[in-house]
Amino acid sequence: MDIEELDTTDPTARRAWYDAQDRAIRADRPHALLEALGAVELSMTEPGPYADRTWLQAVDRGEVLGVAQLELPTTENLDVAWTEVSVVPEHRRRGIGRALWTAVVEHACAAGRTRLGGEVSVDLVVTGGGYDFAVAMGAEERHREDHLLAELPLAPAPVDAAYEVLTWRGRCPDEQRPAYLAMRNQMNADLPTGDLELEATVLDDERLAASEERLARSYDVRVAAARRRDDGVLGGYSLLFVPHGAHYGWQDDTMVMPEHRGHRLGAALKSVNYAGLPAEVTTVHTWTAPSNTAMHHTNTALGFRVVEHMHEVEVVL
Ligand SMILES: CC(C)(COP(=O)(O)OP(=O)(O)OC[C@H]1O[C@@H](n2cnc3c(N)ncnc32)[C@H](O)[C@@H]1OP(=O)(O)O)[C@@H](O)C(=O)NCCC(=O)NCCS
């Protein structure tokens, strides 16, 4: 068995890498949300400027038995590397995961990174080895979130009469951009990360535009924003992604600015986004820290249920 770097110029090899990861993750995570093939293909063939990525694989006689991804942020968090390691079920407990992890650590250290982090999701019912593996590799939990799922349609949540909801898909309209950027940056600054110490991503118009353009290639990106009727001020937004052609979507940020809280805008914004989805989108995923009582309650009241625990783990290299 060899650990090798994926040749991202080879479409067959890219697909084999993706399929191995897909099979490994689905084996013990029936509710896993996997990155869509189109999005993985885009990052493999046209890398974006904000992260350097390497794809590794464990190969035996032409068969891909396990895969790992390494991501090195290039703008902030320059001490951090992120990884995910997956081994197909028939070849587990033979040291393949450890060999991939060791290769990831070597790459991360060579790039000068001093911390390696990852997300390990554990189904509430099906037993998997992901968390025990991470602990065996020396990683410690820094933060935990619940992964929740809802089947659509959900009963609509009302919009407070003092607000109206604007929606757009893809690029934020020019007139809303300054307020939208301010809310996105507030969200990034306030994002609860537990004991995981990270620099917040700071978006300017150029970086927002680049991200909107890239995301639109893989996803139908839907935004709902609350505007106070009497002064036109934007008080919150909610961001939803649906991979092109998929029957599911997932909730990204939902943020209500401090002076606009207490009007149940979070639930209303999510609800407007879900109501606008085509009928073929039947499930929505979201992640919320159990300690974020307000948002956790908002989600369960809307009809979401917890299906997995997601552990954010980190090892100091
Ligand atoms: C986690 C995963 C990558 C492990 O792959 P693997 O090839 O079986 O791992 P290894 O054989 O190298 O195991 C290394 C050590 O991890 C621990 N470990 C791995 N699987 C375990 C399990 N099911 N239960 C308990 N400990 C486990 C053990 O300490 C093991 O050492 P040992 O076999 O000498 O006891 C694999 O189960 C998988 O792909 N799971 C789904 C994806 C996932 O959860 N990845 C999270 C990691 S970022």
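Order of appearance sets the numbers: ligands from 1, and atoms from 1 within every ligand. Numbers here simply count residues along the sequence, with the first being 1.
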Is [X] close to ligand 1, meaning an N/O of one under 3.5 Å from an N/O of the other?
X	value
E84	no
A99	no
I25	no

Considering only non-hydrogen protein atoms, determine which one is nearest to [atom] and report residue, atom name and distance to 0.1 Å.
atom	value
atom 44 (O) of ligand 1	G130 CA, 3.3 Å
atom 40 (N) of ligand 1	R92 NH2, 3.6 Å
atom 29 (O) of ligand 1	A136 CB, 3.3 Å
atom 43 (C) of ligand 1	V85 O, 3.7 Å
atom 39 (O) of ligand 1	V87 N, 2.7 Å
atom 23 (N) of ligand 1	G129 CA, 3.3 Å
atom 13 (O) of ligand 1	F133 CD1, 4.0 Å
atom 34 (O) of ligand 1	R98 NH2, 4.3 Å

If hydrogens are left out, which of [options] has an atom nearest to [atom], that is, the closest non-hydrogen atom?
atom	options	result
atom 25 (C) of ligand 1	D132, D123, T83	D132
atom 32 (P) of ligand 1	R93, M137, R94	R93
atom 6 (P) of ligand 1	A32, A20, G118, G97	G97

Inset, instruction - Would you give the length of the straight line joining atom CG of L70 to atom CG of L116, rounded to the nearest 0.5 angstrom? - result: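 Separation between the atoms: 7.0 Å.
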Legend entry - Within 6.0 Å of CZ in R92, more than 12 heavy atoms from elsewhere: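 More than 12 heavy atoms, drawn from other residues, nucleotides or ligands, come within 6.0 Å of this atom.
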Inset, instruction - If the plane angle is over 60° it's perpendicular, under 30° parallel, otherwise tilted; pick one for H147 and W287. - result: parallel
Inset, instruction - Describe, in one word, how the ring planes of Y131 and H311 are oriented to each other, choosing from parallel (under 30°), tilted (30 to 60°) and perpendicular (over 60°). - result: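 Geometry flag for H311 against Y131: tilted rings.
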Legend entry - Between H143 and D195: side-chain donor-acceptor atoms closer than 3.5 Å: no
Legend entry - Aromatic contact, Y237 with W168 (centres under 6.0 Å):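 Judged by ring-centre distance (under 6.0 Å), Y237 and W168 do not meet the cut-off.
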Inset, instruction - Using the ring of F241 (Phe, Tyr or Trp, six-membered ring only), decide whether R222 places NZ or CZ under 6.0 Å from its centre and within 45 degrees of its axis. - result: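 Ring-cation test returns no.
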Inset, instruction - Heavy-atom contacts with G95 under 4.0 Å: which atoms of ligand 1 show up? List them by number with element. - result: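 Under 4.0 Å from G95, ligand 1 has these atoms: 10 (P), 11 (O), 12 (O).
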Legend entry - Numbered atoms of ligand 1 (with element) below 4.0 Å of I96, judged on heavy atoms: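 Per the distance check, 7 (O), 12 (O).
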Inset, instruction - Give the cluster check for L148 versus V242: same hydrophobic cluster or not, with ILVMFWY residues linked at side-chain heavy-atom distances below 4.5 Å. - result: yes
Inset, instruction - Give a yes or no on whether the backbone of E140 and the side-chain of E314 come within a donor-acceptor separation of less than 3.5 Å. - result: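 Between the backbone of E140 and the side chain of E314 there is no qualifying donor-acceptor contact (under 3.5 Å).
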Inset, instruction - Not counting sequence neighbours, list each pair that qualifies as a side chain to side chain donor-acceptor pair (under 3.5 Å) and has a residue in residues 240-250. - result: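 As it turns out, there is no side chain to side chain donor-acceptor pair (under 3.5 Å) pair with a partner in residues 240-250 once direct neighbours are skipped.
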